[in-house]
Amino acid sequence: MTLTNREIQVWNEISEWEDKLLQYGPTDFTALYDKWLEQSFSLLPENVQEQFFSKLDTWLFHLHAMVQSSQNQIDARDRILGAARVFNQDITTIEDNKKLTIDQLTYIADQQIARHRLYSFVQGGASGSGGVLLLGGDIPAMTVINVRVVQLTAMSYGYEVNTPFEMMMALKVFHIGTMPKRLQGAAWEGLIRETKNMEDPYFYEGAEELTNLSWMEQPFKQVLKAMMIVLFRKRIIQGIPMISMAIGAGTNYQMTRRVSEFAQKYYQYRYLNEKRDDQ
């Protein structure tokens, strides 16, 4: 199937985005930080490190399954199908969404992305209000929001996330989307290579490890954010801790913005690449 002019334009936009991603490199500060992080973890026995990341991976797998089977996600799936039927009344399954044009799919995905960026903004503002429970639940809540936006972006472009392969791809998209920009380029290339080498569209046959030392920067950023919130929550303006709320809201919004942008590019790439392969 030949790509339309608009699809070629989007393909070129993805290529430009990919080129910029690959150009990111470590600064002197980030290189020093990476070295410090590596040295800090090296103090732990190797088996402890392996158990830590293994348990973190298991938690993400269970979280993905929990979010995917939740009633909220089922309702969102129905909304995606409803939006798709506005453009094509014959659509009955998520896979049928691939019958739509790239602009129609992007429109549907953008609706989900905008909603979840707002959720992150509100969640960050709430955590910045200074409540201990809200601040303590910020990392789990943000993980759920970002896993969810990746799943809904996948479904918007016609990819069900209830098969082993698509589940792993969604988790890897979430994982890479939360990584520092300087590490995303190589991870993107690995993800695309794995996608192209897929032999079975249902079963996943690649490496199942997700988290590693390079991913730990994001949790540390969340901890740093929590420390900043605690530091500034007593700076009250008209009875409201505006500074700490702004820190929480801005940080969370930017995180979901990065994850959702990465998910959007990946599933756009897959949709267009499959159409190119059908030529």
Side-chain angles (χ1 to χ4, degrees), residues 1-4 6-26 57 60-61 64 94-95 97-98 100-103 105-106 108-110 112-113 146-147 149-215 217-218 255-279:
M1 186 181 298
T2 304
L3 295 183
T4 65
R6 175 56 183 157
E7 288 170 341
I8 293 173
Q9 181 183 354
V10 174
W11 180 268
N12 291 335
E13 290 172 0
I14 296 172
S15 297
E16 291 176 6
W17 172 85
E18 182 181 29
D19 290 340
K20 290 180 181 178
L21 199 64
L22 295 172
Q23 289 173 7
Y24 277 96
D57 285 349
L60 284 174
F61 285 127
H64 180 282
I94 287 296
E95 288 83 356
N97 279 16
K98 295 178 183 179
L100 301 180
T101 68
I102 188 64
D103 283 335
L105 294 175
T106 301
I108 295 171
D110 281 345
Q112 306 303 322
I113 289 170
N146 287 286
V147 167
V149 75
V150 172
Q151 291 182 355
L152 294 178
T153 302
M155 287 190 281
S156 296
Y157 285 94
Y159 299 95
E160 281 280 17
V161 290
N162 56 5
T163 66
F165 180 82
E166 294 300 342
M167 179 190 75
M168 280 303 304
M169 290 300 102
L171 282 172
K172 289 194 173 189
V173 168
F174 161 77
H175 170 229
I176 300 171
T178 57
M179 291 172 65
K181 284 279 189 182
R182 66 185 183 277
L183 303 177
Q184 284 186 340
W188 165 267
E189 289 183 321
L191 184 67
I192 296 303
R193 186 163 53 249
E194 190 170 10
T195 303
K196 288 182 176 180
N197 293 337
M198 171 189 64
E199 296 181 359
D200 190 316
Y202 185 86
F203 294 105
Y204 179 76
E205 299 175 352
E208 295 185 359
E209 293 79 13
L210 289 170
T211 56
N212 50 40
L213 186 59
S214 64
W215 184 72
E217 182 170 325
Q218 184 57 46
M255 178 182 175
T256 300
R257 185 175 181 273
R258 290 199 314 272
V259 173
S260 57
E261 179 187 29
F262 191 89
Q264 179 103 292
K265 297 298 184 185
Y266 172 70
Y267 287 107
Q268 283 181 338
Y269 174 92
R270 282 188 65 182
Y271 167 82
L272 294 174
N273 191 60
E274 288 176 8
K275 292 193 72 173
R276 291 178 71 197
D277 289 343
D278 289 339
Q279 292 182 19

So, taking the atom named [atom1] in [X] and the one named [atom2] in [Y], what distance separates them when rounded to the nearest 0.5 Å?
X: Ile102; Y: Leu272; atom1: CD1; atom2: CG; value: 4.5 Å
X: Thr178; Y: Met255; atom1: OG1; atom2: CE; value: 5.5 Å
X: Ile192; Y: Glu189; atom1: CD1; atom2: CD; value: 9.5 Å
X: Asn97; Y: Glu95; atom1: CG; atom2: CD; value: 8.5 Å
X: Lys265; Y: Thr153; atom1: NZ; atom2: OG1; value: 12.5 Å
X: Thr4; Y: Gln9; atom1: OG1; atom2: CD; value: 9.5 Å

Residue pair [X] / [Y]: nearest heavy atoms and the distance that separates them:
X: Tyr271; Y: Leu100; answer: OH-O, 2.6 Å
X: Ala154; Y: Val161; answer: CB-CG1, 3.7 Å
X: Leu60; Y: Leu171; answer: O-CD2, 3.8 Å
X: Ser156; Y: Ile108; answer: OG-CG2, 3.8 Å
X: Lys98; Y: Gly158; answer: CE-O, 3.2 Å
X: Tyr267; Y: Ala170; answer: OH-CA, 3.7 Å

Exercise. Could you check whether the rings of Trp188 and Trp17 sit parallel, tilted or perpendicular, using 30° and 60° as the cut-offs?
Key: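 Because their plane-to-plane angle is over 60°, the rings of Trp188 and Trp17 count as perpendicular.
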Practice problem: Please confirm whether the backbone N or O of Ile176 pairs with a side-chain atom of Gln184, one donor and one acceptor, at under 3.5 Å? | Solution: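 Yes, because the side chain of Gln184 sits within donor-acceptor range (under 3.5 Å) of the backbone of Ile176.
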Practice problem: Please answer whether the main-chain N or O of Tyr269 pairs with a side-chain N or O of Asn273 as donor and acceptor at a distance below 3.5 Å. | Solution: no
Quiz item: Crowded around Lys20 NZ? As in, over 12 foreign heavy atoms under 6.0 Å?
Solution: no
Would you check if [X] and [Y] make a side-chain contact, meaning some heavy-atom pair closer than 4.5 Å?
X: Thr101; Y: Arg6; answer: no
X: Met155; Y: Gln112; answer: no
X: His64; Y: Gln151; answer: yes
X: Asp110; Y: Gln264; answer: yes

Exercise. Go through the steps for Glu194 and Met169 under the test side chain to side chain contact (heavy atoms under 4.5 Å, CB included), then give the verdict.
Key: CA-CA 9 Å; Glu194 190 170 10; Met169 290 300 102; 4.0 Å; yes
Practice problem: Apply the test side chain to side chain donor-acceptor pair (under 3.5 Å) to residues Thr195 and Tyr266: give CA-CA distance (whole Å), side-chain angles for both, the deciding distance (0.1 Å), then the verdict. | Solution: CA-CA 10 Å; Thr195 303; Tyr266 172 70; 2.9 Å; yes
Self-check item: Working for side chain to side chain contact (heavy atoms under 4.5 Å, CB included), residues Phe262 and Leu21
Solution: CA-CA 10 Å; Phe262 191 89; Leu21 199 64; 4.3 Å; yes
Quiz prompt | Axial cation check for Tyr159 ring with Arg270, 6.0 Å and 45° limits | solution =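 Pair Arg270/Tyr159 counts as cation-pi.
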